[in-house]
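Lettering follows sequence order; numbering is per chain, from 1.
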Amino acid sequence: MIINTNKFDVICNTVDNGIILINKNLEVKFWNRWLETRTGINCKDITNQNLKDFFPQIDEKKFIRKIVTALKLNSSTFYTPQISKFLLNIELSKVADKVFDEMQQSITVTPYDIEKELAIVYIYDTTILSEINYKLKEIKEEVEEKNEELKLLFDATMEAIIVFKDDIIIDCNQIAILKTTNNLKKQGIAF
Amino acid sequence: MKPDITLTEDEKDCLQELMNVAYGSATAAITEILHAFAKLSIPKIQIINSSELKTYLSNELNLEVEHLVSLQQINGTLCGENMFVIDKQSAKNIAYKFGLEEDEVNDEEIADVVLEITNILSSSTISKLAEDIDTNVSFSAPTIKTLTSVDQLKNLFISKYQKVITISTELKFEDLDIHGELFIFTTDNSIVYIKEKLNKILDEL
């Protein structure tokens with residue numbers, strides 16, 4: 001398929017995400033400039049070639065399933081970064097504060113021509129978001145660990161510790177429960 | 001004056017009919033994609049206060065065993081959210097239906113097939129309903145979480161609305177024990193739009 005230089009070409013080659021026009025046999029029919037610069041593979045070199053020959057790590061069965069489903073439903077199918085980290089392994093050039101070696105991606109597979117079994121694959125770079133999530137997860141685990149340590153410390157002390165917020169008890173240690181219970185019992189208060 | 005966001009019995013019946021047709025197209029899509037005969041039970045339609053949604057879900061779902069919950073946002077005039085809930089074993093069985101081999105079935109693959117089936121159900125049911133009531137919709141990528149109690153489902157999206165229409169159905173496969181439930185939640189503005197379109201259909205009868 002020859003794509004003429006027209007508005008479609010200009011839009012596809014200036015947009016900030018990857019666009020692949022592909023058939024259900026994984027033959028590439030269009031490869032935009034974003035992908036050329038990120039992968040180092042030129043559109044003319046990959047056109048009419050099988051994507052798997054360039055990216056052998058692709059789960060072929062799953063990818064074909066997504067394309068076929070999109071064509072049969074006439075609606076988009078997705079790879080979410082929550083489950084699949086990436087479709088194409090694109091190495092990141094980032095050096096400082098690096099979390100991932102490969103670009104993390106969100107993928108949308110949209111039907112293009114049902115009769116010719118062609119679909120458009122949109123690739124979005126979600127690395128920054130994934131990095132933030134990764135760091136947040138790490139911090140959350142750290143906070144949980146510290147919280148556990150603090151709880152152990154609270155329960156190990158012989159002093160009663162009660163935490164108030166806006167005049168309401170929000171937390172206390174075991175000794176505080178024990179001492180309060182004993183005091184109430186001594187005063188003959190049932191609870 | 002606030003718009004009326006309740007459905008009359010006639011409107012409810014009409015929506016039920018439209019949903020039956022929409023679910024028919026979902027069944028056909030699943031059968032075609034998975035090459036397996038699936039059955040969707042007759043959809044149950046209810047309009048509830050959004051504040052009661054959590055209680056409603058606790059009553060509807062058996063969360064004694066681990067479940068996977070997938071949520072997919074519906075965008076357009078008919079907007080809201082689809083929720084597909086499936087127990088882990090049924091999700092595993094769906095993975096086999098998707099052609100995965102025993103050694104390929106792991107937590108990530110199971111989650112991926114649940115997302116896929118949610119997308120199939122959303123696209124086929126809602127697209128058909130949207131077509132019938134003269135509008136267009138698009139779908140966001142679905143998200144997934146593991147659920148062991150309804151409290152884990154902090155759905156901020158729903159809390160913004162007064163009422164939600166819940167349309168629930170069961171997905172069953174003939175030859176394999178798979179049981180999942182699909183809920184479609186629509187929002188106040190969508191209810192107003194649906195009402196208007198349902199009345200147009202009813203007037204034409």
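Counting heavy-atom neighbours within 6.0 Å of A/K151 NZ, excluding the residue itself, gives a total of 12 or less. Residue A/K61 places its NZ atom among more than 12 non-hydrogen atoms of other residues, nucleotides or ligands, all under 6.0 Å distant. The environment of B/E204 atom CD is dense: over 12 non-hydrogen atoms of other residues, nucleotides or ligands sit within 6.0 angstrom. Enclosure of atom CD1 in A/I114 by more than 12 non-hydrogen atoms of other residues, nucleotides or ligands within 6.0 angstrom is indicated. The number of heavy-atom neighbours closer than 6.0 Å to NZ of B/K92, taken from other residues, nucleotides and ligands shown, is 12 or below. Counting heavy-atom neighbours within 6.0 Å of A/E145 CD, excluding the residue itself, gives a total of 12 or less. Applying the 6.0 Å contact sphere to CD of B/E102 captures no more than 12 heavy atoms from other residues, nucleotides or ligands. Around the NZ atom of A/K72, the shell of radius 6.0 Å holds more than 12 heavy atoms that belong to other residues, nucleotides or ligands.
With a 4.5 Å cut-off on non-hydrogen atoms, A/N74 does not touch chain B at all. Within the 4.5 angstrom heavy-atom criterion, only backbone atoms of A/S76 (N, CA, C, O) approach chain B. For chain A, the nearby part of B/S140 is the backbone; its heavy atoms alone come within less than 4.5 Å. Neither the backbone nor the side chain of B/S138 comes within less than 4.5 Å of any heavy atom in chain A.
The closest side-chain heavy-atom distance from B/T143 to A/T80 is not below 4.5 Å. B/E109 is listed as a side-chain neighbour of A/D59, based on a closest heavy-atom distance under 4.5 Å.
Contacts with chain A were tallied for B/S124, B/S127, B/A29, B/P142; B/P142 has the most, counting heavy-atom pairs under 4.5 Å.
Distance CG/B/L100 to CZ/A/R65: 6.5 Å, rounded to 0.5 Å. Atom CD of B/E116 is separated from atom NZ of A/K62 by 9.0 Å, given to the nearest 0.5 angstrom.
Residues B/I120 and A/T69 share a closest heavy-atom pair of CG1-CG2, 3.7 Å. The shortest non-hydrogen separation linking A/F78 to B/F139 is CZ-O, 3.5 Å.
Evaluated for a side chain to side chain contact (heavy atoms under 4.5 Å, CB included) with A/I83, the options B/L115, B/V113, B/I110, B/V114 yield exactly one hit, B/L115.
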